[in-house]
Student: 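Have a look at this one before I ask anything.
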Amino acid sequence: NYHFSRFWSETGTLTFPASGVPGYEYVVPRSAKVAGASIVPAGFWGLPFFYGSLNVLFPSLLLPYWTLIFAVIGLLAWYWLWKKVWSIPAAIIILALTAFHPAWWYYSFRSLLPNVLFCSLVMIASLLWYQFLNGSRRCRWTLTMASLVTSLALIVRPSEIIWLAPVVAFVIYRQKISRTYWFGLAVGLLALILIWLAINSQVYGQLAAFAYNLQALPGKSLWLPFGFHPRLIWNTVWNYGFTFFLAHSLLAIVGLYVILRSSNAWRNLYFTSVLIISVVLPLYYGSWILSDNPEPGAVTIGSSFVRYFLPIYILLTPAIAAVLLQTGKWVGKFQYLVAGVVIVVLMLVSSGRVLYQPGEGVISLRQELCKYQSVGQQVVDTTEPEAIILTPRSDKLIWPYRRVITPSGDDGYLRAIPGILKEGVPVYYLHLPLSDQGRQELQSDWSQYGFTLGPEIWQNQSLALYRLQL
């Protein structure tokens with residue numbers, strides 16, 4: 001996302017030229033794919049498009065910090081919304097619970113993933129929708145801005161339309177928005193469609209296209225892209241919807257009961273939104289078998305399920321606030337002290353996972369990043385500019401400074417390497433240091449494809465670089 005964002009700001013395109021070598025369709029990093037004669041984003045292009053556009057207007061040094069900036073703006077909008085809907089004390093508690101929720105906290109630091117940006121835009125849009133629906137007079141410009149920001153959120157993460165569209169539709173139906181305001185709605189929708197079609201045409205060469213090839217996934221569809229497997233869905237919900245953030249989950253369940261028993265005017269809309277998002281997201285993502293962690297089945301803060309369920313976690317913070325406010329009523333003048341203590345305890349517990357978890361905590365990731373930046377520079381310094389690097393997991397360290405091949409599902413990439421070598425293009429293998437036995441096994445496996453593992457160029461504590469030869 002970083003490189004595509006910069007490329008958009010510098011060239012006005014989200015495509016890199018593909019390598020002009022045999023088997024060029026394999027010379028691509030994991031975060032991208034080949035479309036025609038270009039390397040394009042393998043995921044949604046919304047974040048590179050948005051941040052790259054901001055990069056044109058503001059200093060490029062801000063690129064890694066835009067997510068944090070929008071996270072702050074989103075939190076302020078979230079606070080302002082609940083201040084108007086509920087009360088100042090409730091809004092302060094919701095603000096603190098959201099800001100220090102481990103999922104929000106963690107993915108605000110991982111700033112080139114789109115989930116916090118998406119949720120921040122939805123928070124801003126929610127405030128604008130409220131301003132339009134509850135202002136002294138309904139302003140078309142406020143509705144237009146709400147529609148535009150909602151559309152921008154969907155450009156960042158189009159898959160979220162599966163729950164966001166029903167929620168918006170429910171709001172429009174319940175609030176009986178008359179036809180005189182439909183123009184404001186249409187402006188945002190039209191902007192979404194035009195931007196989507198224009199960028200898709202440039203990136204994929206088609207007006208209506210998706211980064212993910214659903215046709216290649218048998219038995220799956222646009223609405224259930226990972227199939228429907230009830231047991232997997234249950235395990236995902238149990239692990240990431242309940243037990244992983246157990247304290248938050250228990251408080252939220254009690255809080256939902258407290259809100260249900262209340263007479264708040266926003267109760268029905270809130271419960272409908274919680275119901276839609278809590279059903280749709282697990283159905284959509286729950287059957288996915290992820291490979292984020294080298295240890296299969298590991299439940300960690302770095303799992304993609306945590307960021308996919310981020311909208312659920314955020315939407316449940318008002319329920320947790322309801323519990324704290326209700327409990328506070330029982331202790332009289334110490335009401336806010338009790339709420340503050342609970343928030344601090346949750347924050348301290350969260351900090352262990354967010355900051356200190358081995359391998360995936362922010363501190364550990366920063367240390368790894370510094371180490372890998374050094375390794376990436378070492379690769380660039382010891383290879384030719386036209387070289388191609390075969391590597392299972394280290395492609396993001398060196399692309400686009402060097403072209404890369406990452407192992408795919410079949411052996412096509414191995415069959416392509418002899419043709420590349422015959423063109424005189426140097427090819428290297430970047431991997432964990434190999435033992436003598438591992439080297440022999442690899443030589444045996446690769447010999448059938450017409451190339452072998454050549455001499456070791458260098459080795460450090462984490463990786464080694466080898467040259468491939470015919």
Student: Are any of the side-chain heavy atoms of T236 and Y285 separated by less than 4.5 Å?
Tutor: no
Student: List for me each residue that meets side-chain hydrogen bond (donor to acceptor under 3.5 Å, both in side chains) alongside T15, sequence neighbours excluded, and say none if there are none.
Tutor: T13
Student: If we only count heavy atoms from C-beta on, is the W196 to I155 side-chain gap below 4.5 Å?
Tutor: no
Student: Mind checking side-chain hydrogen bond (donor to acceptor under 3.5 Å, both in side chains) for W8 and listing every partner two or more places apart, or none if nothing turns up?
Tutor: S53
Student: Mind checking the CG-CG spacing from L251 to L324? Nearest 0.5 Å is all I need.
Tutor: 6.5 Å
Student: Once you round to the nearest 0.5 Å, how far does CD1 of I343 lie from CG of L348?
Tutor: 12.0 Å
Student: List in chain and number order the residues that pass side chain to side chain contact (heavy atoms under 4.5 Å, CB included) with H431, two or more places apart in sequence or in another chain; answer none if no residue qualifies.
Tutor: P392, Y429, L434
Student: Where is the tightest heavy-atom contact between T317 and L97, given as atom of each residue plus distance?
Tutor: O-CD1, 3.6 Å
Student: Quick check for you: to the nearest 0.5 Å, what is the distance between I69 atom CD1 and S108 atom OG?
Tutor: 12.0 Å
Student: Side chains of W78 and I314: does their closest heavy-atom pair fall under 4.5 Å?
Tutor: yes
Student: Compare every heavy atom of S287 with every heavy atom of L232, then report the nearest pair and how far apart it is.
Tutor: CD1-O, 3.6 Å
Student: Evaluate the side-chain proximity of S351 to W105: yes if any heavy-atom separation is below 4.5 Å, no if none is.
Tutor: yes
Student: Using the ring pair (Phe, Tyr, Trp, His ring centres under 6.0 Å) definition, which of the options W288, Y313, Y240 pairs with Y308?
Tutor: W288
